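Before any comments, here is the structure.
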2 protein chains.
Amino acid sequence: MTRVNGTRKPAAGGTPTLDEVARVAGVSRATASRAINGGQRVSAAAQASVDSAVRTLGYVPNPAARSLVTRRTDSIAVVVPEPDDRVFSDPFFAGTLRGVTRVLSERDIQLVLLLARPGASTARTLRYLTNRHVDGALVVSHHRDDGLAEHMSRLDLPCVFGGRPWSAGDRVAYVDVDNTAGERIATEVLVERGCRRIGTIAGPSDMTAAEDRLAGWRQAMAAAGLADDAVEHGDFTELGGQRAADALLARHPDLDGIVVASDLMAAGALKVLASLGRSVPDDVAVVGYDDLGVAERTTPALTTVRQPVEEMAERATRLLLEQVDGHSPSHPMRVIIPPTLVTRDSA
Amino acid sequence: MTRVNGTRKPAAGGTPTLDEVARVAGVSRATASRAINGGQRVSAAAQASVDSAVRTLGYVPNPAARSLVTRRTDSIAVVVPEPDDRVFSDPFFAGTLRGVTRVLSERDIQLVLLLARPGASTARTLRYLTNRHVDGALVVSHHRDDGLAEHMSRLDLPCVFGGRPWSAGDRVAYVDVDNTAGERIATEVLVERGCRRIGTIAGPSDMTAAEDRLAGWRQAMAAAGLADDAVEHGDFTELGGQRAADALLARHPDLDGIVVASDLMAAGALKVLASLGRSVPDDVAVVGYDDLGVAERTTPALTTVRQPVEEMAERATRLLLEQVDGHSPSHPMRVIIPPTLVTRDSA
DNA sequence: GGCGTGCGTGGAAGCGCTCTCACCACAATG
DNA sequence: CATTGTGGTGAGAGCGCTTCCACGCACGCC
């Protein structure tokens, strides 16, 4: 909040104001304003002269003045809690950003990237959001939750989460893919292909997506009447997948199928299997999760469950904009997107 | 610009204003304001009571009102012209974002992501920047230039380019790595190792970085008294590198060294060499460029020239903030960062 | 004792915009 | 003819904040 160097231009004769537009157009400021904002109740003549005044003066409305009175900023925040450095390179994040910007570009809304750096800066983020610096927030709750959902739900600010938040899921809107169903489908692929000893490499248990997927695996295993004891946790990285696969295969050398909660971890698992001389999918079939690019490049290419990230981001953004437009702290809405299976070579 | 639903809260009794703070603190609005903004010319007593009023009321200054009078927004834009969908997944972009946010997080400045979608929306971007919606702009001129530099230099808005812009390079501040020197160094590595027939896979000729690197290669070749005729252009992708390597080796089967303008293209080249049965570095030595992650994962690992992307972004951001603080449309400043060689196995 | 000189303070003037409201002309209705 | 709209308009009141300026007041100095 520290103002560093308060040099201010003395009323900057440079930029034209609405007053000048009005004067040039020969109308009142009120009429000029109306003409500029959609032209309700403005005669054709007035509209035309305002338009031309705007053009000759190169007038651009001052956003601060406007939002001071409208109480809108025409911008939304994309909040990324705890962005450890991986986030940016993450295809999930990239896809999200793509989806968001696609929707925003349809309207004149800007995107403010709010990165709550690890540490106590969640407070700063909340402060920023508190006083309506933005019209709404899209929280990419990719990582553990911090109670951010609770805070947000208290904020009376339109808000949508990407991915089910850990808590307050009932008070907050979110868009998620049906992780449970997805992993169920993945597991069923192995069951149907004849696997009888199926293990899973789950994600970190502090992430809802990981937990939901694990639940899906358990459901499918139960439905097939198979034992669900072969579980190992990884951290969604390739190395983590490698370690988990090592441990899993050491404990259960008889596995003929592995359901992995992310493609990156599956890639690690494939490496381990290759080094053990187990052929995929013949000795051990493997199914991944994500299909964000990695899956096509492994050997063999991964059969996986696709998360339509961009679509999710688009839906989330639209949901947010609806809230913003209606200005309703509307009843928590959620969109659950069905996952789809992508069959390749690993199962 | 369309206002969709002008529902406005009637003076929102919810959020406290400076007036209320002043009343609660028992001082005037002026004093309250001073106390809140760094406390110059405020007695300890007044400061204390304002502080406590702020705390009890949960007061947060209204940014619109503030920036209406200060003419500052405490936010800067990161402008990405023509973000074809690759940009987001690009480690270059990711690193840049990381560097920028690191600097911004030291102060209370926010980042607005301005993505000029392909098409005529450059106009919109310029309009957005024109009326001081942000205090400054960092243009990641990763791709071809669009005359954006000219436009920007006319805008009287603090502005720094990441990477030398095609034109107006003399009127605009920018931060760049010394691409020419970098590729010269890369080439010299091959020369010193005894290569005598060295080709290059250059980047697309509509990018300054690509052209500069090509120039560096030519300089080094000339200095070594070698012919600089073995040139092929790629598009900085792996596939492009593959194609270029194919073409290059077909035309010049006697090459014993290849200088490649990006690691990704070098990865493609390595594949081609492997499929031709040429061993690297013994038959053909290869040097890449970037060192943003890919280089370590190729087989063999790439000797390459490191671009310190994050550092570049940091420097650029600091440069921008200096301009913003001084509010000087200061003499075009540039920072050229020396590249460093990273020796691995491919040369 | 008079006089700068400095600090702390509050009054008040905006920053540039939107929007209510009162007003006018004119048309349509009883 | 009096009444009720109805579309276009401008005056003016803010939105919440910063900052200029003038005003005390206490101090140290001749």
Side-chain angles (χ1 to χ4, degrees), chain A residues 1-3 5-23 25-50 54 57 59-74 130-133, chain B residues 1-3 5-23 25-50 54 57 59-74 130-133:
Chain A
M1 252 338 97
T2 326
R3 177 121 301 103
N5 182 338
T7 328
R8 60 173 296 211
K9 281 196 179 171
T15 43
T17 71
L18 186 59
D19 271 298
E20 297 172 50
V21 172
R23 189 152 9 95
V27 297
S28 74
R29 213 170 56 240
T31 303
S33 176
R34 264 179 242 123
I36 286 164
N37 296 314
Q40 297 292 62
R41 279 170 156 42
V42 177
S43 67
Q47 180 75 51
S49 60
V50 169
V54 165
L57 259 51
Y59 171 75
V60 184
N62 178 317
R66 173 177 282 181
S67 79
L68 180 56
V69 36
T70 57
R71 294 167 173 289
R72 298 197 61 187
T73 63
D74 293 314
T130 300
N131 223 1
R132 318 205 51 87
H133 222 118
Chain B
M1 255 331 99
T2 327
R3 179 120 299 104
N5 184 338
T7 327
R8 60 175 294 212
K9 281 194 178 170
T15 43
T17 72
L18 186 59
D19 270 298
E20 296 171 52
V21 172
R23 188 152 9 95
V27 297
S28 73
R29 213 170 55 240
T31 302
S33 174
R34 264 180 242 121
I36 286 164
N37 296 313
Q40 297 291 62
R41 278 171 158 42
V42 176
S43 67
Q47 180 75 51
S49 59
V50 169
V54 165
L57 259 51
Y59 171 74
V60 184
N62 178 318
R66 173 177 282 181
S67 78
L68 180 56
V69 39
T70 58
R71 296 170 172 287
R72 297 197 61 187
T73 62
D74 292 315
T130 300
N131 225 3
R132 319 205 51 87
H133 221 120

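The model shown is predicted, which means the values in this text are computed figures rather than measured ones. Quick note on labels: first sequence line is chain A, next is B, and so on, each numbered from 1.
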Given side chains that start at C-beta, do those of N62(B) and T17(B) come closer than 4.5 Å, heavy atoms only? no
Closest approach to the side chain of A65(A), judged atom by atom: which nucleotide of dG16(C), dC15(C), dA11(D) is it? dG16(C)
If you measure from CD on E20(B) to OG1 on T15(B), what distance do you get to the nearest 0.5 Å? 8.0 Å
Which listed nucleotide (dC15(D), dT9(C), dT18(D)) is nearest to the side chain of V69(A)? dC15(D)
Using whole Å, what does the distance between atom P of nucleotide dG16(D) and atom CD1 of I36(B) come to? 14 Å
Look up atom CG in L68(A) and atom CZ in R71(A), then write down how far apart they are to the nearest 0.5 Å. 7.5 Å
Base, sugar-phosphate or nothing for A46(B)? Non-hydrogen atoms, less than 4.0 Å. sugar-phosphate
Minimal heavy-atom distance between S67(A) and R72(A), with the atoms involved, is CB-O, 2.5 Å
If we count only N and O atoms by modelled type, under 3.5 Å, do the side chains of R66(B) and N37(B) hold a donor and an acceptor together? yes
Applying salt bridge (charged side-chain N to carboxylate O under 4.0 Å, His left out), can you list everything that pairs with R29(A), at least two apart in sequence or on another chain? D19(A)
For T31(A) and S28(A), does a side-chain donor sit closer than 3.5 Å to a side-chain acceptor? yes
Spacing between R29(B) atom CZ and dT18(D) atom C1', to the nearest angstrom: 9 Å
Any I36(B) side-chain heavy atom under 4.5 Å of L18(B) side chain: yes
Select from V60(A) and R34(A) the residue whose nearest nucleotide in DNA chain C is closer to the 5' end of that strand. V60(A)
Kindly say if R41(A) contacts the phosphate of dG8(D), meaning a side-chain N or O under 4.0 Å from OP1 or OP2. no
Using whole Å, report how far CZ of R66(A) lies from P of dC17(D). 21 Å
Spacing between R72(A) atom CZ and dC15(D) atom C1', to the nearest angstrom: 16 Å
Which part of the nucleic acid, if any, lies within reach of T17(A) when heavy atoms closer than 4.0 Å are counted: base, sugar-phosphate only, or nothing? sugar-phosphate
If I take atom CG in residue N62(B) and atom P in nucleotide dC15(D), what distance separates them, rounded to the nearest angstrom? 11 Å
How large an angle, rounded to 10°, do the end axes of the helix from dG1(C)-dC30(D) to dG30(C)-dC1(D) enclose when each is built from five base pairs? 50°
With a 4.0 Å limit, can you tell me whether S28(A) has a side-chain N or O closer than that to the phosphate oxygens OP1/OP2 of dT9(D)? no
Taking only side-chain nitrogens and oxygens of T31(A), does any of them come within less than 4.0 Å of OP1 or OP2 of dG10(D)? yes
As a test of reading the structure: which of dC19(C), dT18(D), dC15(D) is closest to the side chain of A30(A), going by heavy atoms? dC19(C)
Would you mind telling me which residue lines up with the more 5' stretch of DNA chain C, D19(A) or S43(B), judged by nearest nucleotide? S43(B)
Measure the distance from CG on L18(A) to C1' on dG12(D) and round it to the nearest whole Å. 14 Å
Ignoring backbone atoms, establish whether S33(A) has a side-chain N or O less than 4.0 Å from OP1 or OP2 of dT18(C). yes
Rounded to the Å, how far apart are L68(A) CG and dC15(C) P? 14 Å
Separation of dC17(D) atom P from D74(B) atom CG, nearest Å, is 15 Å
